[in-house]
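Before any comments, here is the structure.
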Amino acid sequence: MPWTRKHLITLEELSLAEIDQIHTTATAFKKILRRNVKKVPALRGKTIVNLFLEPSTRTRIAFDMAAKRLSADVISFDAASSSTTKGETLRDTAENIQALNADMIVIRHACAGSPLYLSRILDIPVINAGDGAHEHPSQGLLDTFTMKEHFGDLRGRKVVILGDILFSRVARSNIHALSKMGAAVTLVGPSTLVPHAFTSMGVTVSHDLKSALADAEVVMLLRIQHERQATNPFPSIGEYTSMFGLNKTRASWLNPKAIIMHPGPINRGVEIDADLADGERSVILEQVTNGIAVRMAILYLCSGGQPEHVLPSSE
Ligand code: CP
């Protein structure tokens, strides 16, 4: 099946076959990243603009590296250095980037819907690098890619997502991808951050950490996203950590083969103890590394590349 999408805005809209295509393409790119020369000419002559209007470390650097590994020219700029600080609209900023002959825009924005809005205005591909609490599709794809590397087929696998689900775009993208891939997702956290309404997405909601962890094969921690919260969902960080933080005792409730994930940035000592973040069950840095190959696949496919052309069939 050929890849037909120009934009990547959500995982909600992707089919299972499309998620598989991105993962398969990322696997091929991961092989290329292990070579001495970690670069292919797939996007030579193209210019990709990383428009990050919200802070980022991992996503921005990984998109930057992915574009460079594909031989594209990359221009990265953030809110502080853009004319949005002078009152320019997002539309004007994006139309100017297109007028400067960019071939693709990767956008992160605090407002949900911004990437979709740009995709309807611009002629060039738009990639969502995180929009408010809505979606973070490249993160969901790299998380599920990492899970597949550990478990193979995710059908029936038990994934617990623990923390601030309400304000998490990572949780929403993972829920969409994992549900399509057949995993059983349980959301855990305080009821103010994990309301029952999430069951409409086909997941289980639990406030019983011990029983959820005992069943889990993957536990994904999320930080408290203070920047998106207008009210206090719990009295203090201390109260949150004492009830839902993953510490040594709680990790002992986990299945010995369970892996610990976190999209980052980590707040050590809040949602996860430092020893666990750095421990042998943790695959947090594997997630970060996989983010390059997965984002290479996204940039390549949305630029019109086809999965079967990445590696010669002999490799
Ligand atoms: N996971 C993630 O989006 O991290 P950054 O905010 O550092 O990009």
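Whatever order the structure lists them in is the order used to number ligands and atoms, beginning at 1.
Those atoms of ligand 1 that come under 4.0 Å of a heavy atom in Gly264, given as number and element, are 1 (N), 2 (C), 4 (O). Per-residue contacts place Thr59 under 4.0 angstrom from the following atoms of ligand 1 (heavy atoms of the residue considered): 2 (C), 3 (O), 4 (O), 5 (P), 8 (O). Residue Gln139 has at least one heavy-atom neighbour below 4.0 Å for each of these atoms of ligand 1: 1 (N), 2 (C). Of all atoms in ligand 1, listed by their number and element, those nearer than 4.0 Å to a heavy atom of Thr57 are 5 (P), 7 (O), 8 (O).
Of all protein heavy atoms, the one closest to atom 1 (N) of ligand 1 is Pro263 O, 2.8 Å. Among all protein heavy atoms, the one lying closest to atom 6 (O) of ligand 1 is Arg108 NH1, 2.8 Å. Protein heavy atom nearest atom 4 (O) of ligand 1, with residue, atom name and distance: Arg58 NE, 3.0 Å.
For the pair Arg295 and Phe63, the cation sits on the ring face: its NZ or CZ lies under 6.0 Å from the ring centre, inside 45° of the axis.
Using a 4.0 Å cutoff on heavy atoms, Glu54 does not count as a contact of ligand 1. Not a single heavy atom of Gly130 sits closer than 4.0 Å to an atom of ligand 1.
A salt bridge links Asp20 with Lys148: at least one charged nitrogen is closer than 4.0 Å to a carboxylate oxygen.
Residue Pro265 places no N or O, backbone or side chain, under 3.5 Å from any N or O of ligand 1. On a distance-only criterion, Arg60 and ligand 1 share no N/O pair closer than 3.5 Å.
Counting non-hydrogen atoms of neighbouring residues, nucleotides and ligands closer than 6.0 angstrom, the CZ atom of Arg44 reaches no more than 12 such neighbours. The environment of Glu280 atom CD is sparse: at most 12 non-hydrogen atoms of other residues, nucleotides or ligands sit within 6.0 angstrom.
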*Check the pair Arg250 / Asp273 against salt bridge (charged side-chain N to carboxylate O under 4.0 Å, His left out), numbers first and verdict last.*
CA-CA 10 Å; Arg250 289 173 180 154; Asp273 274 7; over 6 Å; no

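Judged by distance alone, with hydrogens and angles left aside, the side-chain atoms of Gln225 form a donor-acceptor pair with the main-chain N or O of Asp164 at under 3.5 Å. In terms of modelled atom types and a separation under 3.5 Å, the side chain of Glu271 and the main chain of Gly163 share no donor-acceptor contact.
Note that CE of Met147 is 3.5 Å distant from CE of Met220, once rounded to the nearest 0.5 Å.
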